[in-house]
K.L.:
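Take a look at the following structure, please.
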Amino acid sequence: MNIEALIFDVDGTLADTEEAHRIAFNLAFERYRLGWVWNRTEYRELLRVTGGKERIAHYVQKVAGGASERQRLLALVPAIHAEKTRFYSSVVADGGVPLREGMERLLHEALATDLRLAIASTTTAVNIDALLTATLGPRGLDMFAVVACGDQVRAKKPAPDIYRLVLDTLGLAAECAVAFEDSVNGLRAAVAAGLWTVVTPTYWTEGGDFARAGLVLPRLG
Ligand code: XBP
Ligand code: MG
């Protein structure tokens, strides 16, 4: 089978974004006077939970003092996450987060050889729009035939749903595409969807079990 499309994860793969996410989470927690601060060590652990809303809810379960406080905080999660997304997308829109080394060249070379590009991410659409526009210009989003992300699927990574949605939308069998990921959760999702996967770990994901990757590289540059 010929490869007809490249499917990219966003956070950690297209760009090393998690420090910017971490700072945005902490700014939102401060805005809501929660007294929470996620340091790098704790955030690295929390990244095992994919999805920002799910990550905050997971943290609430750990720190809530009792049932009523837990319910009160869980009810606040969507608003806290919306505030976090405002902070994060404004930093990215201002050019605060570059693409990872070699990524822009790969994207342009792939398009030049008539491969289609797609995105399969857990983050929110507004974050992806901000990143692609800030790093690839006003037509950046148009480089991708499919952008599948966030709450478009019920089950987030490591479930294969987001990759299956991309393949279905592209009208391709898994054998006709290659996935690019940075994390164990992302690799599990791509492999479960039948995709041969390249993994380029970051500080946040290095040391994971990438045995089922087709190829593990420190970077694409
Ligand atoms: C990584 C994630 C996301 C980000 C935070 O997504 O799990 O939750 O950490 O972004 P990817 P949100 O699949 O692109 O690696 O707060 O928007 O979820
Ligand atoms: Mg990722």
Side-chain angles (χ1 to χ4, degrees), residues 1-17 50-51 92 97-202 205 208 210-221:
M1 290 252 193
N2 290 333
I3 299 300
E4 299 181 38
L6 305 183
I7 308 173
F8 294 89
D9 163 55
V10 174
D11 295 299
T13 303
L14 282 183
D16 192 347
T17 59
T50 58
V92 170
V97 181
L99 293 181
R100 286 189 69 181
E101 184 186 353
M103 185 54 73
E104 186 165 358
R105 174 180 57 78
L106 173 63
L107 296 174
H108 286 296
E109 284 186 4
L111 289 176
T113 54
D114 293 331
L115 287 174
R116 282 185 289 169
L117 303 179
I119 279 175
S121 173
T122 309
T123 193
T124 46
V126 66
N127 292 345
I128 295 171
D129 294 357
L131 180 72
L132 296 183
T133 305
T135 56
L136 295 168
R139 309 289 311 239
L141 208 55
D142 298 342
M143 294 170 67
F144 296 84
V146 175
V147 177
C149 61
D151 295 333
Q152 281 182 262
V153 290
R154 192 188 51 74
K156 292 182 174 164
K157 299 174 186 176
D161 301 39
I162 196 80
Y163 278 105
R164 287 192 176 134
L165 174 60
V166 170
L167 287 168
D168 290 350
T169 312
L170 287 169
L172 288 179
E175 297 72 26
C176 298
V178 171
F180 293 78
E181 272 286 353
D182 71 301
S183 68
V184 170
N185 278 330
L187 173 63
R188 286 173 56 198
V191 167
L195 287 156
W196 193 89
T197 305
V198 176
V199 173
T200 51
T202 66
T205 58
F210 299 126
R212 298 184 69 192
L215 183 61
V216 181
L217 298 171
R219 69 190 67 78
L220 291 171

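By convention here, the first residue in the shown sequence is residue 1.
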K.L.:
With distance as the sole criterion, is a donor-acceptor pair present between the side chains of Asp11 and Thr17 under 3.5 Å?
P.N.:
yes
K.L.:
Do Lys157 and Tyr163 come close enough that some side-chain heavy atom pair is under 4.5 Å?
P.N.:
yes
K.L.:
For the residue pair Phe144 and Ile128, establish whether any side-chain heavy-atom pair is separated by less than 4.5 Å.
P.N.:
no
K.L.:
Please check if the side chain of Thr205 supplies one atom and the backbone of Thr202 the other of a donor-acceptor pair under 3.5 Å.
P.N.:
yes
K.L.:
Would you call Thr197 and Val191 a side-chain contact if the rule is heavy atoms closer than 4.5 Å?
P.N.:
yes
K.L.:
Tell me, do Val199 and Leu217 make a side-chain contact under 4.5 Å, heavy atoms counted?
P.N.:
no
K.L.:
Looking at Thr122 and Lys156, what are the two nearest heavy atoms and their distance?
P.N.:
CG2-CD, 3.6 Å
K.L.:
Strictly distance-based, threshold 3.5 Å: is any side-chain N or O of Gln152 a donor or acceptor partner for the main-chain N or O of Cys149?
P.N.:
yes
K.L.:
I need the single residue from Asp182, Thr200, Thr13, Asp16 that forms a side-chain hydrogen bond (donor to acceptor under 3.5 Å, both in side chains) with Arg100. Which is it?
P.N.:
Thr200
K.L.:
Less than 4.5 Å apart, side chain to side chain, heavy atoms only: is that true for Phe180 and Leu195?
P.N.:
no
K.L.:
Out of Asp9, Val153, Ile7, which residue meets the side chain to side chain contact (heavy atoms under 4.5 Å, CB included) rule with Ile162?
P.N.:
Val153
K.L.:
Do Leu14 and Ile119 come close enough that some side-chain heavy atom pair is under 4.5 Å?
P.N.:
yes
K.L.:
Please determine whether side-chain hydrogen bond (donor to acceptor under 3.5 Å, both in side chains) holds for the pair Asn127 and Thr123, giving the CA-CA distance in whole Å, both sets of side-chain angles, and the decisive distance to 0.1 Å.
P.N.:
CA-CA 7 Å; Asn127 292 345; Thr123 193; 3.0 Å; yes
K.L.:
Can you find a pair of side-chain heavy atoms, one from Arg116 and one from Leu172, that are under 4.5 Å apart?
P.N.:
yes
K.L.:
Would you give the length of the straight line joining atom CG of Leu6 to atom CG of Leu115, rounded to the nearest 0.5 angstrom?
P.N.:
5.0 Å
